[in-house]
Amino acid sequence: QVQLVESGGGSVQAGGSLRLSCAASGGTFSNRVMGWFRQAPGKEREFVAVISSNSANIRYADSVKGRFTISRDNTKNTMYLEINSLKPEDTAVYYCAARTNWILTTTPGSYNYWGQGTQVTVTS
């Protein structure tokens with residue numbers, strides 16, 4: 001059973017930066033598509049970024065392009081999300097997710113495993 005644990009969230013001022021981590025255990029991390037999603041209060045969970053197993057293919061939501069960077073280190077079974085130029089509208093619980101299929105997808109329902117989430121709060 002794959003377990004995902006996020007860390008790195010916090011409260012920052014607008015314009016600040018954070019680096020989120022997602023540590024995976026169980027199963028085989030290196031052959032999984034991994035993604036970041038977020039959910040703000042009263043809103044549906046939305047796609048943020050996705051990365052293929054070998055990091056060759058990456059996609060971002062339009063709202064985060066140029067500010068967020070997804071990466072992974074398969075030797076450490078860890079995925080990262082570098083967040084820069086934070087805006088108040090980035091405030092949400094950020095989740096990492098993994099799927100068993102190799103196809104990149106932005107749909108939350110296509111992911112098999114989820115972490116518990118880490119809160120990111122951006123103050124103006």
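The first residue of the sequence shown is numbered 1, and numbering continues consecutively from there.
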Q: Do we see a donor-acceptor contact under 3.5 Å between the side chains of Asp73 and Thr78?
A: no
Q: Same cluster for Val12 and Tyr94 if Ile/Leu/Val/Met/Phe/Trp/Tyr side chains link at under 4.5 Å?
A: yes
Q: Picking from Arg38, Glu6, Gln116, what satisfies side-chain contact (heavy atoms from CB on, under 4.5 Å) with Tyr95?
A: Glu6
Q: Measuring from atom CD of Gln13 to atom OG of Ser124, what distance do you get when rounded to the nearest 0.5 angstrom?
A: 9.0 Å
Q: State, to 0.1 Å, how close Ile51 and Ser55 come at their nearest heavy-atom pair, and which atoms those are.
A: CD1-OG, 3.6 Å
Q: Considering residues, nucleotides and ligands other than Glu89, do more than 12 of their heavy atoms fall under 6.0 Å from its CD?
A: yes
Q: Applying side chain to side chain contact (heavy atoms under 4.5 Å, CB included), run through Val120 and Leu18 and close with a yes or a no.
A: CA-CA 9 Å; Val120 172; Leu18 284 172; 3.8 Å; yes
Q: Using the six-membered ring of Tyr80, assess whether NZ or CZ of Arg19 lies under 6.0 Å from its centre and within 45 degrees of the ring axis.
A: yes
Q: Looking at CG of Asp90 and OG of Ser63, how far apart are the two atoms once the value is rounded to the nearest 0.5 Å?
A: 7.5 Å
Q: Within the 4.5 Å heavy-atom criterion, are Trp114 and Arg45 side-chain neighbours or not?
A: yes
Q: Please round to the nearest 0.5 Å and tell me the distance separating atom CD1 of Ile83 and atom OG of Ser17.
A: 9.0 Å
Q: Check for me whether Arg32 meets the cation-pi criterion with Trp102, that is, NZ or CZ under 6.0 Å from the six-membered ring centre and within 45 degrees of the ring axis.
A: no
Q: Is the side chain of Thr28 donor-acceptor paired with the backbone N or O of Ser30 at a distance under 3.5 Å, no angle test?
A: no
Q: Measure across Gly35 and Met79 and return the closest heavy-atom pair with its distance rounded to 0.1 Å.
A: O-CE, 3.4 Å
Q: If Ile, Leu, Val, Met, Phe, Trp and Tyr residues are connected whenever their side-chain heavy atoms lie under 4.5 Å apart, and connections chain through other members, are Phe68 and Ile58 in the same group?
A: yes
Q: Start with the C-alpha gap between Val50 and Val33, add the side-chain angles, then the distance that decides, and say whether side chain to side chain contact (heavy atoms under 4.5 Å, CB included) holds.
A: CA-CA 7 Å; Val50 61; Val33 167; 3.5 Å; yes
Q: Go through the steps for Arg59 and Asn57 under the test side-chain hydrogen bond (donor to acceptor under 3.5 Å, both in side chains), then give the verdict.
A: CA-CA 7 Å; Arg59 295 181 189 170; Asn57 294 294; over 6 Å; no
Q: For residues Arg99 and Tyr111, is any side-chain donor paired with an opposing acceptor at under 3.5 Å?
A: no
Q: Side chains of Gln119 and Thr91, heavy atoms from C-beta outward: is any pair under 4.5 Å?
A: yes
Q: Kindly work out whether a path of hydrophobic side-chain contacts (I/L/V/M/F/W/Y, heavy atoms less than 4.5 Å apart) joins Ile70 to Leu104.
A: no
Q: Please verify the inter-ring angle class for Phe37 with Phe47; under 30° counts as parallel, over 60° as perpendicular, anything in between as tilted.
A: perpendicular
Q: I'd like to know if Lys65 and Asp62 make a salt bridge, using a cut-off of under 4.0 Å between side-chain N and carboxylate O.
A: yes
Q: Carefully, step by step, assess Met34 and Leu4 under the rule side chain to side chain contact (heavy atoms under 4.5 Å, CB included).
A: CA-CA 10 Å; Met34 301 290 295; Leu4 304 173; 4.0 Å; yes
Q: Provide the closest heavy-atom pair for Thr123 versus Ser11 in the form atom of the first, atom of the second, distance.
A: CG2-OG, 4.2 Å
Q: Evaluate side-chain hydrogen bond (donor to acceptor under 3.5 Å, both in side chains) for Ser53 paired with Asn31, printing each intermediate quantity in order.
A: CA-CA 5 Å; Ser53 58; Asn31 64 1; over 6 Å; no
Q: Would you please test Val2 and Thr100 for side chain to side chain contact (heavy atoms under 4.5 Å, CB included) and show each step?
A: CA-CA 10 Å; Val2 175; Thr100 53; over 6 Å; no
Q: Report yes if some heavy atom in the side chain of Arg67 is under 4.5 Å from a heavy atom in the side chain of Tyr60; otherwise report no.
A: no
